[in-house]
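Notes follow the structure.
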Amino acid sequence: MINITLPDNSVKQYESGVTAMQIARDISEGLARNVLVAKVNGDVKDALMPITEDATLQLLTWRDKDGKAAMWHSSAHLMAEAIELLYPGVKFGIGPDIENGFYYDIDFMDHEISEKDFDKIEKKMTELAREKQTFDRKEVPKNEALEYFNQKGDEYKLELIEDLQDGDITFYTSGYFTDLCRGPHIPDTSPIKAVKLLKVAGAYWRGDEKRKQLTRIYGITFPKKKELDEYLHMLEEAKKRDHRVLGRELELFTFSQAVGQGLPLWLPKGAQLRERLEQYLKRLQRDAGYEQVITPHIGNVNLYKTSGHLAKYGKESFQPINTPVEGEQFFLKPMNCPHHCEIYNARPHSYKELPIRFAEFGTVYRYEQSGELHGLTRVRGFTQDDAHIFCTPEQIKPEFNGVIDIIERIFKALDFNEVKVQISLSDPDNREKYIGSVENWAKAEQAIIEVAEERGLNAVIEYGEAAFYGPKMDFMVRDAIGREWQLGTIQVDYNLPERFKLEYIGSDNEKHQPVMIHRAPFGSMERFVAVLIEHCAGNFPLWLTPEQVIILPISEKYQTYAEKVLNLLKKHDIRGIIDGRSEKTGRKIRDAELKKIPYMLIVGEREENEGSVSVRRHGKGDMGSFNTEDFIRMVDDEVEEMINVK
RNA sequence: GCCGGGGUAGCUCAGGGGCAGAGCGCUUCCUUGGUAAGGAAGAGGUCACGAGUUCAAUUCUCGUCCUCGGCUCCA
């Protein structure tokens with residue numbers, strides 16, 4: 001007999017060899033129907049795998065992340081089975097589950113495949129799923145495994161098996177399809193009720209661009225049709241929020257072929273919005289002891305020799321600018337740090353001055369690969385909300401705290417309420433790839449971990465993810481429809497202080513090297529605005545939005561009164577416009593709603609007589625009549641509340 | 001950079017070897033109104049750019065640029 005500990009800490013005894021499925025059935029038939037896989041002593045296993053020793057057991061269903069993963073991985077097998085039946089002779093690469101669904105990389109040989117074929121494959125998958133095919137696991141000796149795929153003529157699987165140890169190889173068979181697979185899988189195909197193939201794309205075998213490109217088909221499955229519909233609705237919603245579409249509709253930014261790929265042009269409304277963001281951050285930074293600096297857009301090639309960037313990125317970036325002077329070369333700056341180091345070096349510093357914080361909205365240029373460019377999230381010219389903090393090793397911790405204060409204020413002011421933090425530290429088994437002393441790294445990493453703990457940040461620590469020059473902390477936000485975006489970053493740097501020979505005189509009258517901290521709460525203005533647009537679907541917070549108020553006179557007779565109201569708003573720094581067209585009120589309201597202007601003020605005879613405005617809130621409807629002064633106070637209060645959140 | 005879609009009016013898109021199309025938007029006129037589309041008329045195009053095939057190319061072929069979905073990359 002073995003002891004099985006369930007999540008509620010109750011312990012049950014079973015015969016050795018019992019399966020998770022049997023235990024589930026023992027608890028309730030309903031649970032057994034929903035079990036997809038099981039976590040046995042912390043490892044996710046097939047629900048039908050015999051358990052032969054004492055174990056903690058957690059039964060996983062569609063509600064669990066690992067349950068979904070198993071379902072989608074099994075769906076990848078199901079898709080492969082359908083494709084093998086429809087296109088005999090195709091060869092298979094790998095087919096894992098991913099965050100949303102699964103894919104399979106397939107060499108279709110002579111078959112042409114496109115989205116037009118999805119319908120046929122989906123139908124076949126649904127048909128096979130209804131057969132309630134079981135996923136049967138089998139351990140296979142290496143030579144047998146090779147023999148199987150040799151006969152099948154699948155060189156991709158053969159290559160995968162070559163890399164595996166004899167004894168570690170398992171096959172899963174479902175219906176007519178057998179695949180090399182570690183598992184785990186769901187018990188049978190019956191939970192796969194709704195199937196949708198999403199897109200087809202090319203992907204190199206093993207991610208190597210020198211090797212053959214396979215066809216990758218992405219798909220997703222659900223246990224209920226309704227859930228699939230909801231998912232597809234979410235995708236539609238995401239499409240509507242696409243910042244490239246909203247950016248055009250709301251006249252925020254554009255691109256021009258004539259100017260060049262990946263070089264955004266900010267339109268007046270977009271520039272206004274961006275400037276407001278910059279002003280806001282500048283104010284926070286001024287209060288936190290930062291000093292603004294301004295540096296040129298280019299730097300002499302020698303600057304980048306010193307920084308080391310030339311050797312690493314020179315060929316893959318924008319090429320140098322030549323001058324009439326033979327041999328003189330300048331580079332567009334790909335980052336602001338070297339310039340800021342030179343500012344630091346402009347005169348000697350005492351320890352009493354530290355920390356020194358230089359801030360600059362610095363525009364930089366990086367030659368990103370053409371296929372990587374995407375709207376405002378990935379561009380070739382962008383502005384970082386950059387700052388560099390020069391401090392002593394002891395000051396790392398308070399400086400991190402100060403930066404996090406700023407980042408948290410910003411996220412709150414912009415309604416990003418779910419924030420995750422990733423702390424990237426060095427790989428303890430691979431010390432030699434990092435620059436800087438072991439003691440300094442330990443000190444900095446300790447400081448970062450402590451800060452995260454003391455502040456109760458929702459943080460994960462990743463060892464080996466640090467840059468060669470220092471550990472870092474990255475901030476991820478979840479947007480309104482559940483997608484995660486990486487925004488702010490704080491990075492410790494031991495490299496540039498060394499390369500630029502940065503120093504300060506300590507209390508011991510000796511020279512010491514300061515630590516440099518790079519930080520950008522937004523990341524870049526471009527990327528941040530893109531994420532913000534998609535987060536709020538273009539409905540910007542009142543304090544930030546280009547036009548806060550639109551005045552809608554009922555008819556041209558009230559144009560003068562509308563102008564009077566507008567002037568009053570202007571005096572209180574409220575941004576507004578008048579829709580003076582000879583259209584009906586219904587029409588003006590509709591257009592203002594589509595332009596996502598937060599407040600609509602309808603004014604006619606009644607309002608003119610009373611000195612009032614009829615207020616309509618975007619997306620919410622009629623709020624009734626307000627004394628104009630009261631309305632102004634309401635707007636002021638709403639703006640204050642957003643900006644001054646603690 | 002690589003693979004695969006695509007580029008026709010400001011936007012969304014239809015069309016197709018021989019007169020360039022629709023809806024929305026825009027302009028003008030009529031209408032002067034009360035919480036999501038009032039009516040009429042009009043303007044607007046080198047069919048991305050360059051070459052080739054053809055009596056004739058927006059349409060077919062090739063190249064370039066741009067764009068979209070992936071892959072790779074990301075100081």
Side-chain angles (χ1 to χ4, degrees), chain A residues 98 103 105 112-116 198-218 239 242 244-245 248-249 251 254-263 304 307-314 316-317 333-338 364-375 377-380 382 384 386 467-470 472 486 489 491 493 495-496 518 524 527 552-559 580-595 600-607 614-625:
Chain A
I98 52 177
Y103 67 78
D105 283 349
E112 292 275 331
I113 200 91
S114 79
E115 296 189 3
K116 291 187 194 78
L198 297 166
K199 55 197 166 201
V200 54
Y204 299 106
W205 171 233
R206 307 198 115 175
D208 182 346
E209 63 179 283
K210 290 187 191 64
R211 307 198 59 176
K212 179 151 185 180
Q213 190 155 33
L214 306 181
T215 303
R216 177 172 294 180
I217 299 183
Y218 289 88
K239 221 183 257 174
D242 189 321
R244 294 166 300 182
V245 176
R248 183 173 54 231
E249 284 175 3
E251 298 173 38
T254 188
F255 289 88
S256 150
Q257 283 193 32
V259 173
Q261 241 189 322
L263 299 169
Y304 300 106
S307 71
H309 293 116
L310 184 65
K312 213 169 165 200
Y313 298 101
E316 288 154 33
S317 198
K333 69 176 173 188
M335 74 284 297
N336 305 298
C337 344
V364 298
Y365 299 89
R366 299 178 185 180
Y367 193 78
E368 305 295 355
Q369 292 188 49
S370 63
E372 184 58 29
L373 300 173
H374 179 91
T377 56
R378 198 82 176 141
V379 289
R380 284 180 172 166
F382 58 97
Q384 296 178 308
D386 213 355
F468 75 93
Y469 51 79
K472 64 176 178 176
Q486 207 239 290
T489 182
Q491 308 188 4
D493 188 343
N495 182 42
L496 291 181
H518 311 254
S524 81
R527 187 178 161 78
L552 312 178
I554 294 288
S555 86
E556 283 162 17
K557 283 186 249 167
Y558 311 104
Q559 179 73 16
R581 294 175 303 164
S582 62
E583 292 289 349
K584 289 191 171 172
T585 311
R587 177 52 180 271
K588 292 185 183 181
I589 287 173
R590 179 183 152 80
D591 289 345
E593 289 279 352
L594 291 175
K595 282 161 97 175
M600 284 150 270
L601 303 183
I602 292 108
V603 296
E605 189 180 0
R606 207 168 59 225
E607 289 75 13
S614 278
V615 179
R616 182 188 166 100
R617 180 85 213 222
H618 170 77
K620 297 214 172 78
D622 196 354
M623 295 174 72
S625 181

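Numbers restart at 1 for each chain; the letters A, B, ... are given by sequence-line order, proteins then strands.
- Between the SG atom in A:Cys337 and the CG atom in A:Asp386 there is a gap of 6.0 Å [rounded to 0.5 Å].
- The separation between A:Glu607 atom CD and B:U35 atom P is 12 Å, rounded to whole Å.
- One C1' atom belongs to B:U27, the other to B:A43, and the distance between them is 7 Å to the nearest Å.
- Here A:Thr585 lies in heavy-atom contact (under 4.0 Å) with sugar-phosphate atoms only.
- Annotation: B:C11 and B:C49 have their C1' atoms spaced 23 Å apart (nearest Å).
- Comparing B:C68, B:G70, B:G33 by their closest approach to the side chain of A:Arg244 singles out B:C68.
- B:C19 takes the syn form, because its glycosidic angle lies no more than 90° either side of 0.
- Checked for salt-bridge contact, A:Lys595 and A:Asp591 miss the test: no charged N lies under 4.0 Å from a carboxylate O.
- Residues satisfying the side-chain contact (heavy atoms from CB on, under 4.5 Å) test with A:Lys557, not counting sequence neighbours, are A:Ser555.
- Following rounding to the nearest Å, A:Ile217 (CD1) and B:C3 (P) show an atom-to-atom distance of 19 Å.
- Residue A:Gln486 qualifies as enclosed at atom CD: its count of foreign heavy atoms under 6.0 Å is above 12.
- For the pair A:Lys588 and A:Glu368, nearest-nucleotide mapping onto RNA chain B gives the more 5' position to A:Lys588.
- No contact: A:Phe255 has no heavy atom under 4.0 Å from any strand.
- When distances run from any side-chain atom of A:Arg616 to the nucleotides B:G33, B:C73, B:A36, the shortest one goes to B:A36.
- Atoms CD1 (A:Ile98) and C1' (B:C71) sit 13 Å apart, rounded to a whole Å.
- Atom name P, nucleotides B:A40 and B:G23: the rounded distance is 11 Å, in whole Å.
- Nucleotides B:U8 and B:A22 are separated by 12 Å at their C1' atoms, to the nearest Å.
- A donor and an acceptor atom sit less than 3.5 Å apart, one in the side chain of A:Arg378 and one in the base of B:C74.
- Heavy atoms of A:Arg248 sit under 4.0 angstrom from primed sugar atoms or phosphate atoms, though from no base atom.
- At whole-Å resolution of the value, CD in A:Gln261 and C1' in B:U64 are 13 Å apart.
- Rounding to the nearest 0.5 angstrom, the gap separating the CD1 atom in A:Ile217 from the CG atom in A:Leu198 is 11.0 Å.
- Listed nucleotides: B:A75, B:G69, B:A36. Nearest to the side chain of A:Arg590: B:A36.
- As rounded to the nearest Å, B:G34 and B:U28 have P atoms that lie 24 Å from one another.
- Looking at heavy-atom distances under 4.0 Å, A:Glu249 makes no contact with the nucleic acid at all.
- For the C1' atoms, the distance from B:A20 to B:U59 is 12 Å, rounded to whole Å.
- One finds the NE2 atom of A:His518 at 8.5 Å from the CE atom of A:Met335 (value rounded to the nearest 0.5 Å).
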Problem - Under the 3.5 Å Watson-Crick or G-U criterion, the dot-bracket string of RNA chain B, with | for inter-strand pairs - result: (((((((..((((....[..)))).(((((.......))))).....(((((..]....))))))))))))....
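- Taking atom C1' on both nucleotides, B:U72 is separated from B:C3 by 11 Å, rounded to a whole Å.
- Nucleotides B:U12 and B:U67 place their P atoms 15 Å apart, quoted to the nearest Å.
- For A:Tyr367, the ring pair (Phe, Tyr, Trp, His ring centres under 6.0 Å) criterion is met by A:Phe318, not counting sequence neighbours.
- In terms of heavy-atom proximity, A:Glu607 sits nearest to A:Ser614 at OE2-OG, 2.7 Å.
- With distances taken from any side-chain atom of A:Ile589 to the nucleotides B:C71, B:A37, B:U35, the minimum falls on B:U35.
- If you find the closest nucleotide of RNA chain B to A:Lys199 and to A:Ser317, the one lying nearer the 5' end belongs to A:Lys199.
- Across all strands shown, A:Ser614 has heavy atoms under 4.0 Å from base atoms, whether or not it also approaches the sugar-phosphate.
- The CE atom of A:Met600 sits 12.5 Å away from atom OG1 of A:Thr585, with the distance rounded to the nearest 0.5 Å.
- Straight-line distance from the CG atom of A:Asp591 to the P atom of B:A37: 10 Å, rounded to whole Å.
- No donor-acceptor contact under 3.5 Å links the side chain of A:Glu605 to the base of B:G33.
- The base of B:C3 does not come close enough to the side chain of A:Tyr204 for any donor and acceptor atom to sit less than 3.5 Å apart.
- Distances were taken from every side-chain heavy atom of A:Leu594 (C-beta onward) to each of B:C2, B:A36, B:C73; the shortest belongs to B:A36.
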Atom pairs under 3.5 Å, N or O on each side, protein against nucleotides 45-51 of chain B: can you list them with distances?
none

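- Across every non-hydrogen atom of A:Phe382 and A:Ser524, the tightest pair is CD1-CB, 3.5 Å.
- What separates NE2 of A:His374 from C1' of B:C68 is a distance of 10 Å, to the nearest Å.
- Nearest heavy atoms, A:Gln369 versus A:Arg380: C-NH2, 3.9 Å.
- A:Glu372 places its CD atom 7 Å from the C1' atom of B:C73, with the value rounded to the nearest Å.
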What nitrogen or oxygen pairs link the protein and nucleotides 38-42 of chain B at under 3.5 Å?
unit_1	atom_1	unit_2	atom_2	d
B:G38	OP1	A:Arg587	NH1	3.2
B:G38	N7	A:Glu583	OE1	3.3

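- The ring pair (Phe, Tyr, Trp, His ring centres under 6.0 Å) search around A:Tyr304 returns none, not counting sequence neighbours.
- Taking atom OH on A:Tyr218 and atom C1' on B:G70, their separation rounds to 6 Å, with Å as the unit.
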